[in-house]
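Lettering follows sequence order; numbering is per chain, from 1.
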Amino acid sequence: MRAKGKYELVSELARRRGFFWQSFEIYGGIGGFIDLGPLGTKLKHKLEDAWRDFFLKRSGIYEISTPIINPRIVFQASGHLESFKDPMVECSKCGRKYRADHLLEDAIGTKFEAIGLEAIDAEIEGKGLACPECGGSLSKSRYFLTMFETTIGPYSEAIGYARPETAQGIFIDFKRLYEIARGKLPFGVAQIGKALRNEISPRQGPIRLREFTLMEIEFFFDPEEECEALGEVGEEVLRLVPASSRERGIEEPIERSVREAVREGIIINGWLGFFMAKSKEFICGLGIPEERQKFHEKLPNERAHYSAQTFDHEVLLEDWGWVEIAGHAYRTDYDLSRHSAFSGQELRAFRAYERPRIAKTLKVVPDEAKMREAFGERHKAVMEALMRAEPEEVKRSIESRGYFEALGEKVGPEHVSFRSIEVKETGRRFIPHVVEPSFGLERIMYAVLEHSYSTKGDRVVLRLPKKVAPIQAVVLPLVNSKDLEGKAKSLWEALLEAGFDVEYDDSGSIGRRYARADEIGVPIAITVDHRSLADGTVTLRERDSWKQVRVRAEEVPRCLRSYLSGDLGFEEVGSS
RNA sequence: GCGGCCGUAGUCUAGCCUGGCCUAGGACGUUGGCCUUCCAAGCCAAUGGCCCGGGUUCGAAUCCCGGCGGCCGCACCA
């Protein structure tokens with residue numbers, strides 16, 4: 001018989017025991033969507049909590065929650081409407097679909113900058129391009145938009161889109177969030193939530209979904225300031241595949257400490273390096289070894305429109321090779337600048353100088369009477385526009401062209417004078433830069449399941465890290481008798497009361513129950529036997545070693561807590 | 001979206017090529033019962049299936065067409 005792939009084994013287990021399965025099964029299923037079952041949902045929550053615990057708790061990064069549906073303007077500003085679409089053409093003969101820009105690139109041999117559908121069509125016609133497969137004629141190009149589109153409100157014309165990333169919600173709220181952070185920089189804002197992308201052909205179960213969960217941090221900082229956090233993680237060694245290597249055809253990772261990588265300019269920003277190191281540590285903590293992780297830099301033409309540098313944090317999966325589980329992008333001030341321009345809102349931070357500085361600056365002094373004379377009723381508006389402009393620019397314009405244009409009116413030298421004044425500057429205003437670590441939850445979940453999947457003889461043991469195991473312990477009476485049942489059930493109640501995720505199982509033989517528990521990754525099984533009735537002790541059995549220790553029943557919550565938190569090893573639990 | 005392979009209980013699978021012996025067989029699981037003092041033991045019983053739709057035929061799990069879904073390759077993954 002054909003050997004089964006790891007994905008097949010894992011997803012078989014996932015279906016059978018309720019981690020995840022394909023959505024809409026009774027209607028034949030739809031690609032790109034999965035349902036999480038009871039265990040999958042629990043696992044998801046624990047992964048989210050592990051992530052919060054790791055990234056947010058000690059670093060003052062706080063979490064918000066914003067809508068999935070956003071109005072059109074948001075994605076105009078963010079640039080997604082521009083770049084989240086691809087021009088497609090279809091062959092009228094064989095029906096094959098192609099990326100129009102790719103066809104053109106192949107034909108002319110250089111990068112083709114998309115400049116609109118008409119231009120593309122003209123180019124295709126001009127070059128006499130036909131279907132590369134069958135030679136049939138090509139349709140007019142049209143855009144395929146990877147965002148889901150909808151309307152907001154009934155009978156509404158207002159177009160809305162489902163967000164393809166959670167980040168925009170954070171950028172939009174920047175002003176308020178910066179206030180709430182009491183004007184401190186750097187600071188980070190996190191969001192965990194669904195994002196949607198209308199993938200052309202999703203595959204690989206939980207790896208490529210149309211609806212998936214992102215855990216993202218937008219970390220705002222002053223680009224002129226040294227990254228002070230590198231010290232903490234600076235010596236962490238990363239496996240990197242820099243773009244400079246890739247351009248020379250080298251895909252082998254090099255090893256550099258974060259500090260070195262930043263110094264050598266392989267990672268162009270300290271905070272980016274900081275989060276990459278943290279990211280590695282986080283994924284290691286989920287049981288995925290270092291040597292199965294690497295950071296793969298995107299080439300400039302592969303990068304998203306907003307990014308100055310992107311590293312994909314990849315893990316090695318059995319069936320699919322290296323898969324991105326997190327992306328680390330240096331988004332610079334792109335998003336805030338764009339939202340500032342589109343909304344007309346000031347989205348800048350203020351950094352006070354140590355001592356106020358006296359700066360000479362130019363002031364525009366309008367002559368109101370002359371302006372009224374020249375512009376009549378509009379003079380007030382023209383004046384306001386004039387005052388909003390950069391004084392230097394106004395002066396330059398008037399000197400070189402003889403006028404400055406404000407609201408379509410020509411403001412000449414007769415309308416204004418300039419005065420050099422001294423102002424006290426207490427600080428500078430600037431648009432913060434952003435680095436964004438962005439984690440794909442479902443992918444991480446799958447990677448964790450795959451790495452946890454092990455067998456012992458013909459039994460499956462899911463060696464899930466203790467902190468994310470959906471069920472932390474199971475209470476078992478050794479055999480089904482009234483005495484044992486009573487004792488076991490009261491222990492179960494006590495553990496539930498103490499806040500553990502614990503189950504009770506009295507079905508089948510003891511071996512079968514252990515097997516059931518192993519298969520869903522329950523770290524500890526607690527067995528109540530005849531001796532429990534005599535001396536009040538119970539057996540703790542460790543999933544990974546199958547070793548057993550005896551502890552007093554009333555000590556179980558304490559022991560369990562120490563063991564699960566990693567404070568005590570299993571053997572120590574028994575002797576404590 | 002194209003090409004190749006594929007779709008049978010909760011899971012895995014036999015049957016399909018060569019239509020009827022299929023009232024679709026098995027294993028595991030699950031549930032109930034008996035038994036059972038530590039790793040899927042045993043016995044009894046129950047549970048449940050041919051992806052969807054159309055066609056060919058006296059008769060379709062089996063042949064044909066379409067759809068949906070899966071895997072692999074191409075493309076795509078901003």
Side-chain angles (χ1 to χ4, degrees), chain A residues 1-2 4-5 7-9 11-18 21-33 37 75 78-86 88-91 94-99 101-103 106 114 131-134 143-147 164-165 197-205 207-210 212 298 301-307 310 312 319-320 323-324 327 329 440 456-461 476-481 483-484 507-519 525-533 538-539 541 543 546-548 550:
Chain A
M1 193 172 54
R2 177 185 62 100
K4 283 185 187 172
Y7 169 67
E8 214 175 333
L9 291 170
S11 46
E12 211 174 285
L13 175 69
R15 271 197 298 279
R16 201 156 39 80
R17 300 306 307 270
W21 55 81
Q22 223 203 348
S23 301
F24 314 112
E25 272 182 327
I26 67 163
Y27 290 110
I30 294 183
F33 298 92
F75 298 114
S78 73
H80 283 89
L81 268 177
E82 266 309 299
S83 51
F84 215 71
K85 63 186 180 191
D86 298 315
M88 309 283 290
V89 288
E90 193 174 347
C91 171
C94 68
R96 284 188 177 82
K97 291 191 166 80
Y98 301 95
R99 283 275 299 269
D101 49 341
H102 287 186
L103 279 184
D106 290 347
C131 173
E133 290 297 321
C134 75
Y143 283 122
F144 173 74
L145 184 66
T146 341
M147 284 192 291
E165 55 171 14
R197 299 177 191 181
N198 202 358
E199 298 281 354
I200 296 170
S201 67
R203 264 187 211 164
Q204 306 168 328
I207 302 302
R208 253 180 76 197
L209 296 170
R210 290 193 164 114
F212 53 98
K298 294 285 204 188
N301 64 345
E302 297 169 337
R303 275 200 305 256
H305 58 279
Y306 48 70
S307 176
T310 301
D312 282 352
D319 295 323
W320 299 313
V323 167
E324 177 193 1
K456 204 159 185 165
D458 57 353
R459 284 167 54 161
V460 174
V461 180
L476 316 165
L478 184 63
V479 291
N480 290 334
S481 76
D483 301 350
L484 293 185
S507 167
S509 67
I510 188 70
R512 180 176 297 250
R513 295 176 212 160
Y514 285 146
R516 262 200 291 259
D518 284 345
E519 200 180 44
I526 305 158
T527 306
V528 175
D529 57 18
H530 62 295
R531 220 176 112 187
S532 311
L533 300 175
V538 297
T539 306
R541 170 202 181 260
R543 174 195 69 201
W546 289 16
K547 284 186 181 147
Q548 302 198 345
R550 288 198 83 87

Q: For nucleotides B:A24 and B:G42, find the distance between their C1' atoms and express it as a whole number of Å.
A: 29 Å
Atom CZ of A:Phe212 and atom P of B:C77 are separated, to the nearest Å, by 14 Å
Could you tell me whether the side chain of A:Tyr514 has a donor or acceptor atom within less than 3.5 Å of a complementary atom in the base of B:C38? yes
- Item | Donor-acceptor pair present, A:Glu8 side chain and B:C71 base, under 3.5 Å | no
Across every strand shown, the nucleotide meeting Watson-Crick or G-U wobble geometry with B:U62 (both distances under 3.5 Å) is none
Which of A:Val538, A:Ile526, A:Asp483 passes side-chain contact (heavy atoms from CB on, under 4.5 Å) with A:Ser532? Answer is A:Val538
Taking a pair to mean Watson-Crick or G-U wobble geometry with both distances below 3.5 Å, B:U30 pairs with B:A46
A:Phe84 CZ to B:C76 C1', in whole Å, measures 12 Å
note: A:Tyr27, atom OH; B:G53, atom P; distance rounded to Å ~ 13 Å
Note to self: When the P atoms of B:G53 and B:C68 are compared, how many Å lie between them, rounded to an integer?
What the structure shows: 15 Å
A:Asp458 atom CG is separated from B:C12 atom P, nearest whole Å, by 17 Å
Rounded to whole Å, CD of A:Glu199 lies from P of B:G70 at a distance of 13 Å
Per atom distances to the A:Ile30 side chain, the nearest of B:G69, B:U30, B:C38 is B:G69
Exercise for review: Give a yes/no on whether any side-chain N or O of A:Arg210 is located under 4.0 angstrom from OP1 or OP2 of B:C77.
Suggested key: no
### Message
Suppose you measure atom P in B:C21 against the same atom in B:U31; what distance do you get, rounded to whole Å?
### Response
35 Å
Whole-Å distance, A:Leu13 CG to B:C12 P, equals 11 Å
In terms of heavy-atom contacts, A:Tyr7 and A:Gly205 come closest through OH-CA, 3.4 Å
Taking OP1 and OP2 of B:C72, is either one under 4.0 Å from a side-chain nitrogen or oxygen of A:Trp320?
yes
Among B:C38, B:U11, B:A41, the one nearest any side-chain atom of A:Ser509 is B:A41
Considering only heavy side-chain atoms of A:Tyr7, the closest of B:C38, B:C71, B:G10 is B:C71
*Determine: side-chain N/O of A:Gln22 to OP1/OP2 of B:G70, distance under 4.0 Å, yes or no.*
yes
Item to complete: Ignoring backbone atoms, test whether A:Arg531 places a side-chain nitrogen or oxygen under 4.0 Å from the OP1 or OP2 oxygen of B:C38.
Response: no
Is it true that atom NZ of A:Lys456 has more than 12 heavy atoms of other residues, nucleotides or ligands lying nearer than 6.0 Å?
yes
- Query: P atom, B:G15 versus B:G20: distance in rounded Å?
  - Reply: 13 Å
NA contact type, A:Gly205, heavy-atom cut-off 4.0 Å: base, sugar-phosphate, or nothing? sugar-phosphate
NA contact type, A:Thr527, heavy-atom cut-off 4.0 Å: base, sugar-phosphate, or nothing? base
Problem set entry | Integer angstrom distance from the P of B:C65 to that of B:G29 | 41 Å
Discussion item. For a quick check, tell me whether the side chain of A:Thr539 and the base of B:C38 share a donor-acceptor pair closer than 3.5 Å.
Written reply: yes
- Could you work out the separation of B:G32 and B:U23 based on their P atoms and round it to a whole Å? 33 Å
Check: Does the side chain of A:Ser201 get closer than 4.0 angstrom to OP1 or OP2 of B:G1 through an N or O atom?
Finding: no
Heavy-atom nearest nucleotide on RNA chain B taken for A:Glu165 and for A:Arg459; more 5' hit belongs to A:Arg459
For B:C5, the nucleotide meeting Watson-Crick or G-U wobble distances (both under 3.5 Å) is B:G70
From the candidates B:C76, B:C38, B:C39, the one with an atom nearest any side-chain atom of A:Asp529 is B:C38
**Asked** Within the pair A:Arg17 and B:U11, is there a side-chain N or O less than 4.0 Å away from OP1 or OP2?
**Response** no
Re B:C39: Watson-Crick or G-U wobble partner, both distances kept under 3.5 Å, found to be none
Q) Using a cut-off of less than 4.0 Å, is there contact between a side-chain N or O of A:Arg203 and OP1 or OP2 of B:G70? A) no
Scanning all shown strands, the Watson-Crick or wobble mate of B:U18 with both distances under 3.5 Å is none
When every non-hydrogen atom of A:Gly327 is compared with those of A:Asp312, the smallest separation belongs to CA-OD1, 4.3 Å
A:Leu484 CG to B:U36 P, in whole Å, measures 13 Å
- Query: B:G25 and B:U8: how far apart are their C1' atoms, nearest whole angstrom?
  - Reply: 11 Å
A:His530 has its side chain closest, among B:C38, B:U37, B:C12, to B:U37
Is the A:His80 ring parallel, tilted or perpendicular to the A:Tyr306 ring (thresholds 30°, 60°)? tilted
- Message: Looking at the base of B:C39, is there any donor atom on it, or on the side chain of A:Arg512, that sits under 3.5 Å from an acceptor on the other one?
- Response: no
- Pick base, sugar-phosphate or nothing for A:Leu478, based on heavy-atom distances below 4.0 Å to the nucleic acid. base
By nearest-nucleotide position on RNA chain B, the 5'-leaning member of A:Gln204 and A:Arg550 is A:Arg550
For A:Phe24 and A:Ile30 the tightest heavy-atom approach is CD1-CB, 4.0 Å
* **Stepwise salt bridge (charged side-chain N to carboxylate O under 4.0 Å, His left out) check, A:Asp518 with A:Arg541** => CA-CA 11 Å; A:Asp518 284 345; A:Arg541 170 202 181 260; 2.9 Å; yes
Closest to the side chain of A:Arg16, out of B:C76, B:U37, B:G10, is B:G10
- Item | Nearest-angstrom distance, C1' atom, B:G33 to B:C16 | 40 Å
SB check A:Glu199 A:Arg208 (cutoff 4.0 Å):
yes
Ranking B:C12, B:C38, B:A40 by distance to the side chain of A:Arg15, first place goes to B:C12
- Item | Exceeds 12 heavy-atom contacts within 6.0 angstrom, atom CD of A:Glu302 | yes
A:Leu476 CG to B:U37 C1', in whole Å, measures 14 Å
